[in-house]
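Just so we're on the same page: letters track the sequence lines, and every chain starts at 1. Scope of the values below: all heavy atoms of this structure, side chains included, with no hydrogens, waters or symmetry mates.
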Amino acid sequence: MPHDPDPPPAKKFKPGSPFFPTNKKPGMLLPKKGNAPSTVDVQRKQLPIYQAKSQLIDQLRQLHNAVLIGETGSGKTTQIPQYLYEAGIGRQGIIAVTQPRRVAAISLAGRVAEEKRTQLGKLVGYTVRFEDVTSPETKLKFMTDGMLLREAIGDPLLLRYTVVILDEAHERTVHTDVLFGVVKCAQRKRKEQNKIPLKVIVMSATMDVDLFSQYFNKSPVLYLEGRQHPIQIYYTKQPQSDYLHAALVSIFQIHQEAPPSHDILVFMTGQEEIEALARTCRDIAKHLPETCGLMIVIPLYASLPPAQQLRVFQPAPKGCRKVILSTNIAETSITISGIKYVIDTGMVKAKRYNPDSGLEVLAVQRVSKAQAWQRAGRAGREASGSCYRLYTENEFDNLANMTVPEIQRCNLAGVMLQLLALGVPDVLNFDFMSKPSPESMRMAGEQLDLLGAVERKDDQVSLTPLGKKMACFPLEPRFAKTILISPDFSCTEEVLTIISLLSVDSVLYNPPARRDEVLAVRRKFISSEGDHVTLLNIYRAFKKVSGNREWCRENFVNSRNMGLVAEVRAQLRDICIKLGLKLESSLSELANVRRCLAHGMFANAAELQPDGTYVALDTHQTVAIHPSSVLFQAKPAYVVFNELLHTSRCYMRDLCLVDADWLQEAAPEYFRRKIHTAKS
DNA sequence: GAGCACTGC
């Protein structure tokens, strides 16, 4: 270990209160703990929730709304749908259980089908994007919240469903938040119209219970105890100025004192810092005395190739400790067993949205209390554990209670389009659980107006025929618009490819250590027309070799993401066919494609200034070409770009060369005073 | 001349 004059922070830790995630409240439903289960039925009966079964069924039978608080391991998500079904509640229709994530919906459906001893897709099924494993027999349906939202466009009263269970509600994704309003409205209207009632059950891990209960007509809150083990929380005595150093010292403090089978999970903010700390840890571990056990350091973040992500699940060799350095992916998406110690830096990298500038900023910031508890909980899944917080108890007390709901920190154009498609009459006064700012609502309305998606009649906003078609696509409004106008430029096939490429994580793989190789091999795809055309070239080359994996490796193309592009493209193409769009290809005439992009993305245009800088025409802010763009060294007079990202400067990413004429013809009124210098 | 957490339709 490097020489360090300060005592290690772990020595400076002081114990906080032991953490039991659910506050015991009067009237709560108490479980009995069981031993190792043998069969599926026995397992079901040994879940904490089983003891409360009949009481729960009685309550849920009578209630139209209920909020269920239950920790992980309580069995609420798998059992409650079955209890309802077995008790004959909601049998006239389907019981839907929504999840924020695809994998969760799929695996829960699998688990419940197994418990019901039926083939997946019969009584129990799931629906996620690209996969519908249901049949007319399906009564218990697991689905992503985004999927139910999309279904609601065709059926705003959700008449196929008798019960909707909104699970993981505490995560407050945009989709869940919009669904809150949709199910509440459907419930009220069905009552008014004397239709079969809709039961709404909100499930949450912890926190903001009052908000849920208030929103759903002061519905009763039921508490379920889980199988979480106690976790001892430690805080530092002094604030830490360098959380990375504090993490490093804490890791080795634990490593030297704890039994080797006890694994450590460290929550950090991003790839770069994780890889750097991993290297340091490995270096230090090499020079430890032999009395100290071995250590295996495993980085974990989303952009890691799948094979490397799987390493976190492999048990460490005997006598060796696993130290996992992870982003917040390990908070919810990836659950690792055997974690005894959690080290929480208290920091997270998150996107913030500024509605005034339309700018997204990715910044390191403090976690919320809810997030800190979620992180701590990862240490107590199989046995009791410890969580070392690299901040003081006072600092903890000053954290925000919960993370700001996503709906209050994102661009709302898509949400507003969807609400209008749902037939919500007064979007500005939609019954949100947490209202977005009027400013971001106004911005969204303006964006839709510019795209020609909405029209105003006597203060009422409604969708134009174009807007209705835009809402059919699972895309940002401007992307949907670009596809819809592509037949005018006879290039729908190319635009479908480009929009699909922009809708998934990057298909370009850029390992920094092999930078020169990457540049050399990518040269053959590069187009002076910009990044969109370059991406199109790569996709065409990929198709030519039928998606050959070897080709992907040689050309530094991410084959998983390329596969996803093909799926998205097929889905979008289907929608085009349903809408009767003419599918033409412009082949080598790529100016058509650029002209189409100019028409669809004109609000994201920038103009070269005499001094060599760029100005975004929409907001007049100074922007720059991101060095990763193929146009970085070029100085085109006009470009459209895919997004602005504020880091060291305000960068445009994914650029396409366009003519000023095209922008003017796309939105003459809008550009009348905006374009002033010479045309390109 | 930069460097980007995580989901989802």
Length of the line joining [X]:[atom1] and [N]:[atom2], which is rounded to integer Å:
X	N	atom1	atom2	value
A:Y301	B:dC4	OH	C1'	12 Å
A:L475	B:dG8	CG	C1'	12 Å
A:Q374	B:dC6	CD	C1'	13 Å
A:L179	B:dG8	CG	P	15 Å
A:Q633	B:dA2	CD	P	13 Å
A:M470	B:dC9	CE	P	20 Å
A:E151	B:dC9	CD	P	12 Å
A:H626	B:dC4	NE2	P	8 Å

- Query: Ring centroid separation for A:F180 and A:F432, is it under 6.0 angstrom?
  - Reply: no

From the set [options], return the single nucleotide nearest to any side-chain atom of [X].
X	options	value
A:R653	B:dC4, B:dC9, B:dT7	B:dC4
A:R515	B:dA2, B:dG8, B:dC6	B:dA2
A:Y651	B:dC9, B:dG1, B:dC4	B:dG1
A:A302	B:dT7, B:dC9, B:dC4	B:dT7

Practice item. Decide yes or no for A:R101 and A:E171: does some side-chain heavy atom of the first lie under 4.5 Å from some side-chain heavy atom of the second? Key: yes

Next item on the list: State plainly whether the residues A:K184 and A:D431 are in salt-bridge range, i.e. N to O under 4.0 Å.
Entry: yes

N-O pairing of A:E517 and A:R522 below 4.0 Å | no

Pick base, sugar-phosphate or nothing for [X], based on heavy-atom distances below 4.0 Å to the nucleic acid.
X	result
A:R649	nothing
A:R101	sugar-phosphate
A:T144	sugar-phosphate
A:F473	nothing

By nearest-nucleotide position on DNA chain B, the 5'-leaning member of A:L645 and A:F632 is A:F632

The answer to which of A:G270 and A:F130 contacts DNA chain B further toward the 5' end, by nearest nucleotide, is A:G270

Give the C-alpha distance, both sets of side-chain angles, the deciding distance and a yes or no for salt bridge (charged side-chain N to carboxylate O under 4.0 Å, His left out) between A:K141 and A:E151.
CA-CA 13 Å; A:K141 179 166 159 184; A:E151 279 190 18; 3.0 Å; yes

Strictly below 4.0 Å: does A:T327 bring a side-chain N or O up to OP1 or OP2 of B:dC6?
yes

